[in-house]
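The next block holds one structure in the form of C-alpha cells; read it before the comments.
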Amino acid sequence: MAFSRYTIILALVAGCLFHSGVQALWPIPTTLETGTSALKISPTFYFNVQIEGAPQDLWDAVAQSQYYLKNDQLGRLVVGRGANDTTALASAMTLSHLTLSLANGATVEPISSEAVKPLGTRSEEYSLIIPADGSAATLTANSTLGLYRGLTTFNQLFYYYGGVIYTLLAPIAITDTPAYPFRGLALDTSRNYYPVHDILRTLDAMSWVKINTFHWHITDSQSFPLEVAQYPELAINGAYSPQEVYTASDVQYIVQYAAARGIDVMMEIDTPGHTAIIAATYPDYVACFDASPWAKFANEPPAGQLRFALPEVMNFTASLLTNIAETLPSYYFSTGGDELNTNCYADDYLTQQQLNSTGTTLNGALDTFTQTTHGALIAQGKTPVVWEEMVLNWNISLSNETIVMIWISSADAAAVAGKGFRIIQAPSNYFYLDCGAGEWLGDDPTGNSWCDPFKTWSKAYTFDPLANLTEAQYNLVLGGEQLLWSEQSGPENVDPIVWPRAASSAEIFWSGKQPTGAALNVTEALPRLHDIRYRMVQRGVNAIPLQPQWCALRPDACDLYA
C-alpha cells in the first residue's frame, strides 16, 4: 500500500477554523486535507473491523478508542467551548462507523508483535478518510500497528458539546508516516521508585502522541529495584524496601502493556559506573564504595563502580545483563557507560593489581569488559545501546551496529556520526526534563541544577535533529527522546513534569515538518499542544497548564507581540 504526499488544504472559516482543525492533532500528520462541514458521531457509532483473524490487542485498541470517543468529552478550545457550534450541528450529517482494514497482502500480526520489531522494519503508516456526507469513514494501514496509530489520530479529531460528539472539518483526508523510527521517553525509576500504575499511565500518555519507545533506566547507584531470577539478592539488598521492587511479573506486565500500545521497552542497566548499590550484595565487585568525599569519586552519591578489570566482575556483568535481556522482547538493550570516574580506580588495590599483572591500561580493560558484555548481548540477538562517552572519551571497540545516545550536548552528535555510528538524540541542553529545579544536594542553598535553565516545551521544540551533520550522515539519526532523571521526581509529580513537554520531541521525530513542508514552529504548534494537554487531563493525566485558560481559548492572543 503506497501513501501519497499531497498538498495540504486548510479551509479557513470566520478566521478561526485553522485553529479548530489543526490544533486537534498531535503530532501533525504527514499530509492533511480538511473541509468546512460539521459531522456528528452517531449515538450508535461503531468500529467495523474488516480483518480476518484480527488479534486480540487490536480488538482491545478498538474498545479503547470507543471509550475515548465517548468519554473524552473535550470542549473545543474556543470562547464558549463549543456553544457557538450548535447552529452548524443542527444540520450536520451523522457518521455511523469507521471501517478498519489492512492493505492487500498485509500479514495480520498483533500490535504487540509489530511494536517490538527492529527499527526500520516497523510499519506505522496509515490512511484515514472521513467523508462529510455521513458515509463510512475508512482507516487503512499495512499493519495493525499502523491501524493503532490511525485510531489515535481519529480520536483527536472530535469534540463534545451538549451531548454531541462532532468535528467541524469534514471531509478529512490524512496520510501519515513517521519521519524517524525511534521516538522515546526515558524514565529513571531508581533514584526514586515509581509504582507500576504510574508507569502504565505514562505509557498511555506516550501512546497518545505516538511515542514508540520506553527507555527504562531501572537501576543506578542508589537502588537496584529489579528482581532478577538468577541474582535475587540484588533486589533483596538493593531496593529501598520489599514494596519498592519490580518483580519479574511486574516487568512482563509493563512490557506487554507497552507493546499493546505500540511501545517497545528498551531497558538500561548502566555499567560499569552507576553501580554502587551492587556492593550491598557483592562488595568485592565494587571499587571505592561509599568513598568520601563522594564528589571526588562519583558524579552523585554514593560513590562506587564495578571493578570491571577483574575477570570475575566482567563475567558476572555479562551474565547479569543477558539474564535480564533474555526476558525482554526488544532487540535493544542499553548498557549505559556514562560518567565513569577514573579516581575510583587510581588507588583501588584489586584493580591496580589486575592491571599491573596483565600489563593492561584502564582503557584497555574497559574495552575488554565492553566487548565481553556486548558480545554476550549480541549472541542473544540484542543490539547494544551506549551513552556517548563510550565513543568520544574512551574510544571503545564497539560493534558497528551499536547505537549511541547523545546526551552531554547536541554539539556532540557530529563527532559520533563522524565515526559512523547510528545515534539517538537525547541532548541535555534541549531534552532533559529535570533541569531547572534547583540543586538537589544538601548544604547548597544557592545551588542551581547542573543543566539549568528549565527546558520549556518551546525550547525543546526548536531542536533540529540534523544540525551540524552532513547530508550523508542524516540516515544515522534514528530519532530521539526526552528524559526524566528522578533525583527530584517520583509518582507525585511525574505527570506535570513530563506532560505535555515530552510531546515536543514526539512531534519533532514523528512529523519532522508541517504538512505544507514548512518547518515546525512554536507559534503554529502552541494551540495544538494546548489541545493534547487538555485531552490528557480529560483522560486522567495531570498534565501541567501551558498558559492561563484565557490564552488557550484565544489562540495567538498571548503571543509576545500580539
Side-chain angles (χ1 to χ4, degrees), residues 186-192 215-224 267-279 285-309 313 317 321 333-348 351 362-363 365-367 369-370 373-374 384-396 398 402-413 415-416 423-429 431-435 439-441 447 449-452 481 483-489:
L187 181 63
D188 159 26
T189 62
S190 56
R191 269 59 176 247
N192 283 305
H215 174 186
W216 194 356
H217 185 92
I218 194 168
T219 65
D220 212 288
S221 283
Q222 291 83 5
S223 79
F224 199 108
M267 190 172 286
E268 178 182 351
I269 305 296
D270 205 348
T271 60
H274 294 268
T275 48
I277 193 64
I278 291 177
Y285 289 1
V286 174
C288 70
F289 176 61
D290 212 17
S292 180
W294 64 263
K296 178 181 177 181
F297 302 101
N299 280 40
E300 290 187 7
Q305 300 176 153
L306 286 175
R307 288 184 167 117
F308 59 82
V313 175
T317 307
L321 297 181
F333 192 92
S334 175
T335 62
D338 62 319
E339 297 183 328
L340 193 61
N341 188 302
T342 57
N343 292 333
C344 182
Y345 302 110
D347 298 320
D348 182 61
T351 295
L362 190 68
N363 202 122
L366 182 60
D367 195 299
F369 172 86
T370 305
T373 55
H374 282 196
V385 180
V386 297
W387 295 110
E388 62 178 79
E389 291 100 314
M390 289 285 98
V391 173
L392 299 184
N393 293 10
W394 294 96
N395 196 29
I396 297 298
L398 298 170
T402 305
I403 297 171
V404 181
M405 301 195 73
I406 308 301
W407 75 272
I408 296 174
S409 170
S410 56
D412 295 339
V416 176
I423 62 176
I424 293 170
Q425 298 277 21
S428 59
N429 54 325
F431 286 163
Y432 272 31
L433 297 167
D434 53 301
C435 299
E439 181 62 89
W440 58 271
L441 296 170
S449 65
W450 72 271
C451 55
D452 273 358
E481 67 180 26
L483 311 90
L484 179 59
W485 303 107
S486 293
E487 288 87 351
Q488 294 178 291
S489 295

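Everything quoted here is computed from the prediction, not taken from an experiment.
In the model, Thr189 has a side-chain atom that pairs as donor or acceptor with a side-chain atom of Trp216 under 3.5 Å. Looking at Ser409 and Asp412, their side chains never bring a donor and an acceptor atom within 3.5 Å of each other. Judged by distance alone, the side chains of Glu268 and Trp387 do bring a donor and an acceptor atom under 3.5 Å apart. Looking only at atom types and distance, the side chain of His374 has a donor-acceptor partner in the side chain of Thr335 under 3.5 Å away. With 3.5 Å as the limit, one finds a donor-acceptor pair spanning the side chains of Glu300 and Gln222.
Below 30°, between 30° and 60°, or above 60°: for Trp407 and Tyr432 the angle between ring planes is below 30°, a parallel geometry.
Considering all non-hydrogen atoms of both residues, Thr351 and Ala309 come closest at CG2-CB, 4.4 Å. The minimum heavy-atom distance between Ser449 and Cys435, with the atom names listed, is OG-C, 3.9 Å. In this structure, Ala298 and Asn341 approach most closely via the heavy-atom pair N-ND2, 3.3 Å. Heavy-atom minimum distance, Met390 versus Leu398: CB-CD1, 4.3 Å.
Looking at residues two or more places apart in sequence or on another chain, you find a side chain to side chain contact (heavy atoms under 4.5 Å, CB included) between Ser410 and Pro427, Asn429, Tyr430, Phe463. When the salt bridge (charged side-chain N to carboxylate O under 4.0 Å, His left out) test is applied to Asp348, the partners found at least two apart in sequence or on another chain are Arg307. Legend: residues meeting salt bridge (charged side-chain N to carboxylate O under 4.0 Å, His left out) with Glu487, ordered by chain and number and at least two apart, are Arg191. For Thr402, there are no side chain to side chain donor-acceptor pair (under 3.5 Å) partners at least two apart in sequence or on another chain. For Glu389, there are no salt bridge (charged side-chain N to carboxylate O under 4.0 Å, His left out) partners at least two apart in sequence or on another chain.
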Run the side-chain contact (heavy atoms from CB on, under 4.5 Å) check on Gln488 and Asp434 step by step: do they pass? CA-CA 8 Å; Gln488 294 178 291; Asp434 53 301; over 6 Å; no
Derivation of the side-chain contact (heavy atoms from CB on, under 4.5 Å) call for Leu340 and Leu366: CA-CA 10 Å; Leu340 193 61; Leu366 182 60; 3.8 Å; yes
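Side chain of Ser223 to backbone of Ser190: a donor-acceptor contact under 3.5 angstrom is found. Here the side chain of Gln305 pairs no donor or acceptor atom with the backbone of Ala276 at under 3.5 angstrom.
The side-chain heavy atoms of Leu484 and Ser489, taken from C-beta on, include a pair separated by under 4.5 Å. For the pair Thr275 and Asp270, the minimum side-chain heavy-atom distance is 4.5 Å or more. The shortest side-chain heavy-atom distance between Thr342 and Leu362 falls under the 4.5 Å cut-off. A heavy-atom distance below 4.5 Å is not found between the side chains of Thr317 and Phe308. His217 is not listed as a side-chain neighbour of Met267, based on a closest heavy-atom distance of 4.5 Å or more.
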Pair up each side-chain donor or acceptor in residues 286-297 with any protein partner under 3.5 Å, not counting sequence neighbours, and list the distances.
none

